[in-house]
Amino acid sequence: YGLVYLEAMLSSCIVIASKGGGMDGIIDHGHNGYLCEQGSINDLKVLINHIINLDEKSKIAMINKSYSTVLNYSDTKVANKYLNHINSF
């Protein structure tokens, strides 16, 4: 579980995670963070430059979307989701 990503998002950081690294279902590329090809220095460079050049309004919107996402992944909400799924069998 990518707790460090959720903590970063909760701390108003714009996150970049690896594609296929487990955060794909939580981070929606360009909406609440970014996904980068694992090991691709060029892909990472492009994303960092993109983030640096975002206007303030876009950065704030990204941070707000990230924060809203994190609220859906509290330990209580995730545990209830798992229990509800198990109980549906």
Side-chain angles (χ1 to χ4, degrees):
Y1 198 72
L3 191 55
V4 69
Y5 291 102
L6 297 177
E7 290 171 345
M9 293 164 78
L10 192 61
S11 297
S12 300
C13 295
I14 296 175
V15 299
I16 301 173
S18 296
K19 291 179 183 174
M23 291 302 293
D24 306 67
I26 295 173
I27 295 177
D28 180 11
H29 182 79
H31 177 77
N32 61 357
Y34 295 95
L35 297 168
C36 177
E37 282 299 326
Q38 187 173 8
S40 173
I41 295 169
N42 188 59
D43 199 15
L44 183 59
K45 178 182 169 185
V46 168
L47 283 173
I48 290 172
N49 283 326
H50 172 75
I51 293 167
I52 289 169
N53 292 310
L54 284 174
D55 60 72
E56 195 68 22
K57 184 178 178 180
S58 297
K59 287 180 184 177
I60 291 170
M62 175 76 63
I63 289 166
N64 288 337
K65 291 171 189 169
S66 294
Y67 189 84
S68 294
T69 299
V70 172
L71 296 179
N72 292 318
Y73 290 92
S74 70
D75 56 351
T76 303
K77 285 189 177 185
V78 172
N80 282 328
K81 184 184 288 187
Y82 287 140
L83 290 173
N84 288 335
H85 183 71
I86 290 169
N87 290 331
S88 69
F89 290 114

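The figures here come from the full heavy-atom set of this structure, side chains too, leaving out hydrogens, waters and symmetry mates. We're numbering straight along the sequence, starting at 1.
The shortest distance between side-chain heavy atoms of Leu47 and His29 falls below 4.5 Å. In this structure, the side chains of Ile51 and Tyr34 come closer than 4.5 Å at one or more pairs of heavy atoms. The closest side-chain heavy-atom distance from Asn32 to Val70 is not below 4.5 Å.
Cluster annotation: Ile63 is connected to Ile16 through the hydrophobic network of ILVMFWY side chains, with a link wherever side-chain heavy atoms come within less than 4.5 Å. Placement of Val15 and Met62 in two distinct hydrophobic clusters is found when ILVMFWY residues are connected by side-chain heavy-atom separations under 4.5 Å, directly or transitively. At a threshold of 4.5 Å between side-chain heavy atoms, the hydrophobic network of Ile, Leu, Val, Met, Phe, Trp and Tyr places Leu44 and Val46 in two separate groups. Neither Leu54 nor Ile60 shares a network with the other; the hydrophobic side chains, linked directly or stepwise wherever heavy atoms of I, L, V, M, F, W or Y lie under 4.5 Å apart, form separate groups for each. Each of Ile86 and Val78 belongs to its own hydrophobic cluster when Ile, Leu, Val, Met, Phe, Trp and Tyr are linked at side-chain heavy-atom distances under 4.5 angstrom.
For Ile41, the CD1 atom counts as loosely surrounded, since its 6.0 Å shell holds 12 or fewer non-hydrogen atoms of other residues, nucleotides or ligands. Heavy-atom neighbours of Lys59 NZ from other residues, nucleotides or ligands within 6.0 Å: above the threshold of 12.
Across Met9 and Ile27, no two heavy atoms sit closer than the pair SD-CG1, 4.5 Å. Among all heavy-atom pairs drawn from Tyr5 and Ala17, the shortest one is CE2-CB, 3.5 Å. The shortest heavy-atom contact between Ser18 and Asp24 is O-OD1, 4.0 Å. Contact record, Gly33 with Ser66: N-OG, 4.5 Å, taken as the closest heavy-atom pair.
One distance of note links CG of Asn49 with NZ of Lys45; it measures 6.5 Å at 0.5 Å rounding. Here the CG-OG distance, from Leu6 to Ser74, works out to 10.0 Å after rounding to the nearest 0.5 Å. To the nearest 0.5 angstrom, Ile14 atom CD1 is 8.5 Å from His50 atom NE2. One finds the OG atom of Ser11 at 10.0 Å from the OH atom of Tyr67 (value rounded to the nearest 0.5 Å).
The backbone N or O of Leu35 lies less than 3.5 Å from no partner atom in the side chain of Asp43, so there is not a single donor-acceptor pair.
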